[in-house]
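Contents: one structure, followed by commentary.
One-based numbering, in listed order, for ligands and for the atoms of each. Given the structure is predicted, the values throughout are model-derived calculations rather than measurements. Starting from 1, each residue takes its place in the sequence as its number.
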Amino acid sequence: MAELFPFGFSAATGAYLSLYVLTLALHVVLMNYVIAGSAVVALATLRRRSAGPSPIADTVRDWLPFSLGAAITAGVAPLLFVQVLYERQFYSANLLLSHRWMAILPVLIAGFYLVYLQKTGWIRQRPAWLRVAVAAGAFACFAFTGYSWTENHLLSIHERDWSRFYASGALLYYRPELIPRLLFAFAAAFPTLSAVVGWQLRRRADAPTTRRLALLAALGLFAAAGAGVLYGETLEAPTRAQVRSPLAFPYLVLAMAGAAAQLAAWVVQWRSQRLRAGWLGVASAGAFLSIVGIAVVREALRLGSLDLAALSAEHARAADAGGAMVFAVALGLNFLLIAYTVFLARRCRAGVVHE
Ligand code: HEM
């Protein structure tokens with residue numbers, strides 16, 4: 001493609017692609033908190049006997065049930081758009097993976113129970129091995145879910161593998177890019193976690209906590225860069241050329257600029273040993289820009305493997321199907337209900353509501 005994303009597509013395709021990328025980016029922010037957060041909690045639980053309290057792990061443990069609910073809810077919007085955009089590819093992969101794909105539902109339910117269990121007084125009284133098993137189990141559930149999304153995505157864009165995969169009766173789909181892609185997603189989750197936890201602990205973080213957050217972010221950024229290079233090596237030449245195309249390349253630069261801004265913000269905070277709102281703002285904005293940039297590059301790789309003309313006709317048909325008014329009313333109502341819920345919760349917290 002010779003034009004910058006999302007230009008150069010029909011109006012309907014461009015609009016669906018933009019909405020898809022933006023909603024996916026929101027899902028990724030929350031999913032990053034869950035995946036990196038549950039890893040941090042599992043490690044802290046393992047070390048608990050030798051180390052003292054861990055403000056980062058304690059905060060994340062408290063917020064995991066909420067953020068998991070939010071991550072799953074935020075997955076619904078891109079799920080709708082991915083079905084409109086790539087109906088045939090997405091459903092074919094779902095069907096080919098069959099109950100292996102559907103396994104993410106019971107696994108996520110188990111993960112939900114485990115993150116709630118981690119917060120109870122009951123588990124705190126239990127032996128260390130059980131606490132570690134619960135924390136590691138929660139992480140394993142989310143890692144499995146992330147793995148399944150990657151596997152489904154890769155199968156959906158490699159149509160030439162479908163019949164062989166179906167005939168083989170295999171339950172797992174593997175491609176060389178699977179592991180580096182997963183490593184990238186996992187490593188890139190840590191800088192987002194640091195930025196969000198930075199805001200959560202801004203007023204109470206001491207010097208060691210600030211430094212630990214900075215270290216998590218920096219290690220995540222370097223590991224993601226390494227995994228990204230590895231991932232690039234596994235791509236076939238035409239796919240790799242897609243990354244350098246005008247469609248995607250400016251977004252790769254945006255993602256790298258976001259990463260550089262995050263690194264700078266964390267170096268400053270490491271040195272000053274204090275979390276500062278301005279620099280947390282830079283780290284958060286950098287993280288969001290990196291996520292959007294990578295989401296577009298990811299999309300460019302998929303678009304390179306599909307017949308765009310056939311897709312455009314489908315998208316125009318979907319855009320003409322109507323329902324925009326119902327959607328707008330439902331959106332407005334939902335915003336009002338969310339705002340009212342936040343208002344009620346704040347009043348309760350301020351002690352205004354009495355039994
Ligand atoms: C904690 C649970 C979850 C984790 C860790 C997770 C992780 C991921 C990851 C790693 C990807 C990127 C896959 C890739 O590009 O290789 C992804 C994509 C996606 N996720 Fe999630 N996810 C979770 C739950 C959900 C749920 C419950 C939904 C739907 C309600 C959802 C909707 C999506 C969608 C629509 C995509 C894009 C798929 C595509 O473009 O092919 N996710 N998720």
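Ranking the protein heavy atoms by distance from atom 27 (C) of ligand 1 puts Ile72 CG2, 3.5 Å first. Looking at atom 13 (C) of ligand 1, its nearest protein heavy atom turns out to be Thr150 OG1, 3.5 Å. Here the heavy atom of the protein found nearest to atom 16 (O) of ligand 1 is Arg181 NE, 2.7 Å.
Residue Leu108 has at least one heavy-atom neighbour below 4.0 Å for each of these atoms of ligand 1: 1 (C), 2 (C), 27 (C). Short contacts between ligand 1 and Phe142, defined as distances under 4.0 Å to a heavy atom of the residue, involve ligand atoms 1 (C), 5 (C).
Looking at Arg298, His153, Glu299, it is Arg298 that brings a heavy atom closest to atom 38 (C) of ligand 1. Compare Phe81, Tyr20, Tyr86 by their heavy atoms: the one nearest to atom 40 (O) of ligand 1 is in Tyr20.
Between Tyr86 and Tyr20, the ring planes are perpendicular. Angles over 60° get that label, and only those under 30° would be called parallel. Ring geometry, Tyr116 versus Phe112: the interplanar angle falls under 30°, so the pair is classed parallel (tilted spans 30 to 60°).
Contact annotation for Leu24 and ligand 1: only side-chain heavy atoms (C-beta onward) come within less than 4.0 Å of the ligand. Using a 4.0 Å cut-off between heavy atoms, Val82 contacts ligand 1 through its side chain alone, with no backbone atom that close. Contacts between Leu68 and ligand 1, counted as non-hydrogen atom pairs separated by less than 4.0 Å, involve the side chain only.
Note that Arg126 lies in the cation-pi zone of Trp122, set by a 6.0 Å cut-off to the ring centre and a 45° limit from the axis.
Listed by first and then second residue, the side chain to side chain donor-acceptor pair (under 3.5 Å) pairs that reach into residues 177-198 are Asn32-Thr192, His153-Arg181, Arg175-Glu177, Arg181-Tyr231, sequence neighbours excluded.
There is no side-chain donor-acceptor pair under 3.5 Å between Ser148 and Thr145. In the model, Asp62 has no side-chain atom that pairs as donor or acceptor with a side-chain atom of Thr59 under 3.5 Å. Looking only at atom types and distance, the side chain of Trp270 has no donor-acceptor partner in the side chain of Thr210 under 3.5 Å away. Defined by atom type and a distance below 3.5 Å, a donor-acceptor pair is missing between the side-chain atoms of Tyr174 and Glu151.
Between Asp161 and Arg164, at least one side-chain nitrogen of the basic residue sits less than 4.0 Å from a carboxylate oxygen of the acidic one, meeting the salt-bridge criterion.
Within a radius of less than 2.8 Å around atom 21 (Fe) of ligand 1, the protein N, O or S atoms are His27 NE2.
Counting only distance, with no hydrogens or angles, the side chain of Gln269 and the backbone of Arg276 share a donor-acceptor pair below 3.5 Å.
One distance of note links OH of Tyr147 with CG of Asn152; it measures 11.0 Å at 0.5 Å rounding.
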